[in-house]
Amino acid sequence: MKTTNTCQWTVGTYLAQRLKDAGVRHYFALPGDYNLVLLDQLLMHRDLQMISCCNELNAGYAADGYARATGGPSAAVVTFSVGGLSMINAVAGAYAEDLPLIAISGGPNTNSEAEWEYLHHTLGKVDYSYQREMYSRITAETVIIHHPSLAPAAIDRAIDTAMLRRKPVYIEIAANVANAPTSAPIPRGFARRATSDPDSLNAATKHVAEFLNAAERPVLIAGSKIRAANARIALRDLAQSCSYGLATMPDAKGIVSEAHENFMGIYWGPVSTPGCSEIIDTSDALLFAGPQFTDYTTTGHQLGFEKSRAIFCHPASIQLGETCYSNVHMNDLFEALVGQLKPNDGALKAYRRVSSPKHIPQPGKAKTPLSIRQLFTRIQKLLDRKSTLLVETGDSWFNGMELSLPEDAQFEIQMQYGSIGWSVGATLGYALGKDKGRLISCIGDGSFQLTAQEISTMIRYQVDPIIFLINNGGYTIEVEIHDGPYNKIKNWNYAQLVEVFSAGEGDAWGCKVSTEEELDKAIKEAKSRKGLCLIEVIIDRNDCNVNLLRWGNQVARNNGRANRSM
């Protein structure tokens with residue numbers, strides 16, 4: 001790509017080309033006077049599309065969803081301070097969830113600090129490094145570009161870091177540098193993979209294989225760090241070769257195929273798939289692949305396995321007993337273990353003896369008021385190989401966990417960071433980034449109210465998710481952890497917002513349903529439409545998944561432990 005009417009590359013057009021080289025097709029942006037020239041430069045690239053969001057937080061959430069859909073980097077462009085600090089929560093979430101989000105901000109003129117200028121949008125002090133300092137805690141690399149000749153190396157290094165570490169990075173470009181001439185981008189790639197130390201890898205492979213081959217009922221449990229390690233394919237091949245019983249932690253649902261013949265379900269302590277935790281907690285050998293043992297993923301730290309019987313595979317290290325193998329990458333270990341592990345389905349046979357088939361409720365009469373179980377029974381029927389199900393923090397987590405994903409279907413959840421409101425922006429980004437099928441999002445009314453504006457952006461750019469907006473009058477997940485009047489919200493006519501945001505344009509459609517008959521008609525209509533469909537589902541405030549009640553009680557108990565220092 002070359003800039004209009006000239007062969008000269010600028011800092012901004014260089015950045016645009018590098019985003020394309022890394023696999024970005026869309027970037028999410030909001031204008032402000034510190035980034036306007038930069039946006040002009042980015043718009044010159046014909047292979048990149050700017051997606052104009054309603055606010056910076058939502059732009060960050062959209063970039064989060066885009067990275068999930070594409071498996072590669074995403075980008076969001078904001079102005080300095082009032083924009084960058086607004087987006088910071090979304091970038092923190094991407095850091096927690098191991099997503100390579102490139103946060104790009106315009107910056108003050110390079111002369112402003114040296115000339116002791118007080119600037120608008122800032123903290124009222126002549127100190128303009130604070131945004132970078134804040135982002136340094138939630139990114140893997142931060143760079144401020146004040147000289148055009150240094151821009152290429154800094155931009156390349158930041159994008160390379162994002163791809164290699166699967167973490168966000170921060171790039172700030174001064175307002176008067178964005179259109180300054182710089183080097184042409186030399187062809188290069190960014191999709192690199194770290195390699196293991198050969199000696200450590202060989203030692204780890206031998207030790208792990210000996211440990212697992214001596215077991216009677218070994219189990220393989222997938223965790224969310226598999227995404228950061230790019231080890232999904234290697235894990236699939238290992239599971240196929242060893243025949244072990246296979247389970248996932250809740251934040252990793254969808255990472256391994258639930259259609260796999262050895263799949264046992266979700267390992268989530270007291271709210272696990274029936275029979276799954278009993279087998280895992282009594283197994284004599286466990287291989288955890290990328291686990292995150294938080295209070296949420298363990299139901300208030302209620303997992304019952306013994307650490308002495310477990311191997312913990314992290315993205316770049318392996319822990320077995322007291323021995324740590326550093327610089328051993330998960331991907332390499334799994335590839336090395338294929339053929340080294342004796343096939344063993346002992347745990348799987350035990351699971352099949354204690355498991356029971358799922359109970360799927362039968363439809364009620366046409367006028368039967370909707371229940372949350374009936375809603376998710378219908379969502380189960382909607383899923384196919386090309387589907388992605390995205391669930392917001394709340395009751396949708398627990399109902400989504402009980403659904404069976406068809407082969408190749410995807411599942412997205414933000415369990416580590418758990419920022420309510422994430423799903424609306426993430427739905428926009430994911431819908432733009434996906435290359436197949438239709439996105440189905442389950443969003444509670446409380447979460448929706450935080451970020452509802454981005455429905456407007458979905459209509460503007462003609463994305464086509466089906467959104468089930470669950471209207472039960474408040475923050476149900478918070479109710480079950482600790483209730484109070486702050487968990488109740490003002491009701492909206494959610495379905496009518498589609499008309500408000502459309503303003504006579506686009507193909508979006510919305511409706512409100514409160515009975516099974518109305519829901520069935522709405523789903524049939526949504527399947528026939530090409531644009532965004534928002535189905536507002538009226539659910540009783542006290543109707544929630546029983547596992548949310550169990551989980552909420554344990555998390556509340558963990559939160560409420562007495563202060564030992566008192």
Side-chain angles (χ1 to χ4, degrees), residues 27-30 53-69 72-107 123 129-144 158-159 161-172 223-225 227-228 251-252 290 292-297 315 390-394 397 412-430 433 443 446-447 450-451 453-454 475 477-478 559:
Y27 58 96
F28 305 91
L30 283 99
C53 294
C54 295
N55 64 47
E56 290 85 1
L57 175 62
N58 290 348
Y61 285 152
D64 174 308
Y66 191 87
R68 291 169 184 268
S74 60
V77 188
V78 297
T79 194
F80 185 71
S81 195
V82 291
L85 301 191
S86 178
M87 188 172 69
I88 204 165
N89 183 58
V91 178
Y95 187 93
E97 301 280 330
D98 300 311
L99 298 168
L101 189 162
I102 302 169
I104 302 164
S105 176
L123 303 181
S129 63
Y130 62 87
Q131 183 165 288
R132 175 186 178 175
E133 292 169 4
M134 292 179 183
Y135 270 86
S136 70
R137 300 297 300 270
I138 57 168
T139 60
E141 180 93 37
T142 60
V143 297
I144 296 180
I159 296 177
T161 299
M163 297 293 285
L164 184 61
R165 292 191 56 190
R166 313 302 294 181
K167 293 286 188 183
V169 295
Y170 172 78
I171 301 174
E172 182 182 314
S224 62
K225 289 293 182 179
R227 188 205 306 265
D251 56 341
Q292 280 276 83
F293 297 116
T294 73
D295 53 342
Y296 272 19
T297 63
L390 186 151
V391 294
E392 173 64 272
T393 302
W397 278 2
E412 295 296 342
I413 187 171
Q414 196 203 44
M415 184 167 281
Q416 172 59 39
Y417 201 59
S419 182
I420 63 171
W422 158 82
S423 60
V424 184
T427 292
L428 166 65
Y430 198 101
I443 306 175
S447 300
L450 271 72
T451 48
Q453 311 97 313
E454 238 46 54
Y475 301 115
I477 191 168
E478 306 292 0
N559 288 344

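By convention here, the first residue in the shown sequence is residue 1.
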Enquirer: With rounding to the nearest 0.5 angstrom, report the CD to OG distance, Q414 to S224.
Expert: 11.5 Å
Enquirer: Judged by atom type as modelled, is there a donor-acceptor pair below 3.5 Å linking the side chain of T294 to the main-chain atoms of T297?
Expert: yes
Enquirer: Assess whether side-chain contact (heavy atoms from CB on, under 4.5 Å) is satisfied between S86 and L30, documenting all intermediate values.
Expert: CA-CA 11 Å; S86 178; L30 283 99; over 6 Å; no
Enquirer: Where the side chain of E56 meets the backbone of G84, is there a donor-acceptor pair that is under 3.5 Å apart?
Expert: no
Enquirer: Tell me if a side-chain donor or acceptor on T427 pairs with a main-chain N or O of S423 at a distance below 3.5 Å.
Expert: yes
Enquirer: Is any side-chain heavy atom of V77 closer than 4.5 Å to one of Y27?
Expert: yes
Enquirer: With rounding to the nearest 0.5 angstrom, report the OH to CD1 distance, Y170 to I88.
Expert: 9.0 Å
Enquirer: Using the rule given for side chain to side chain donor-acceptor pair (under 3.5 Å), can you reason through Q131 versus S105, listing the C-alpha separation, both sets of side-chain angles and the distance that settles it, and then say yes or no?
Expert: CA-CA 9 Å; Q131 183 165 288; S105 176; 2.9 Å; yes
Enquirer: So W397 and Y296, would you call those rings parallel, tilted or perpendicular, with 30° and 60° as cut-offs?
Expert: perpendicular
Enquirer: Would the distance check show the side chain of S136 and the main-chain N or O of E133 forming a donor-acceptor pair, the cut-off being under 3.5 Å?
Expert: yes
Enquirer: If you round to the nearest 0.5 Å, how far is CG of N58 from CG of L450?
Expert: 9.5 Å
Enquirer: So how far is it from D98 CG to K225 NZ, rounded to the nearest 0.5 Å?
Expert: 3.5 Å
Enquirer: Would you say the side-chain atoms of Y417 and T393 include a donor-acceptor pair closer than 3.5 Å?
Expert: no
Enquirer: Return the CE to CG distance between M87 and L101, rounded to the nearest 0.5 Å.
Expert: 6.5 Å
Enquirer: When rounded to the nearest 0.5 angstrom, what is the spacing between CG in D64 and CZ in F28?
Expert: 10.0 Å
Enquirer: Salt bridge (Lys or Arg N to Asp or Glu O under 4.0 Å) for E97 and R68? Distances and angles first, verdict last.
Expert: CA-CA 10 Å; E97 301 280 330; R68 291 169 184 268; 3.4 Å; yes
Enquirer: Quick one: does R166's side chain have a donor or acceptor within less than 3.5 Å of a partner on R227's backbone?
Expert: no
Enquirer: Does the ring-ring contact (aromatic ring centres under 6.0 Å, His included) test come out yes or no for Y95 and Y135, once each step is laid out?
Expert: CA-CA 11 Å; Y95 187 93; Y135 270 86; over 10 Å; no
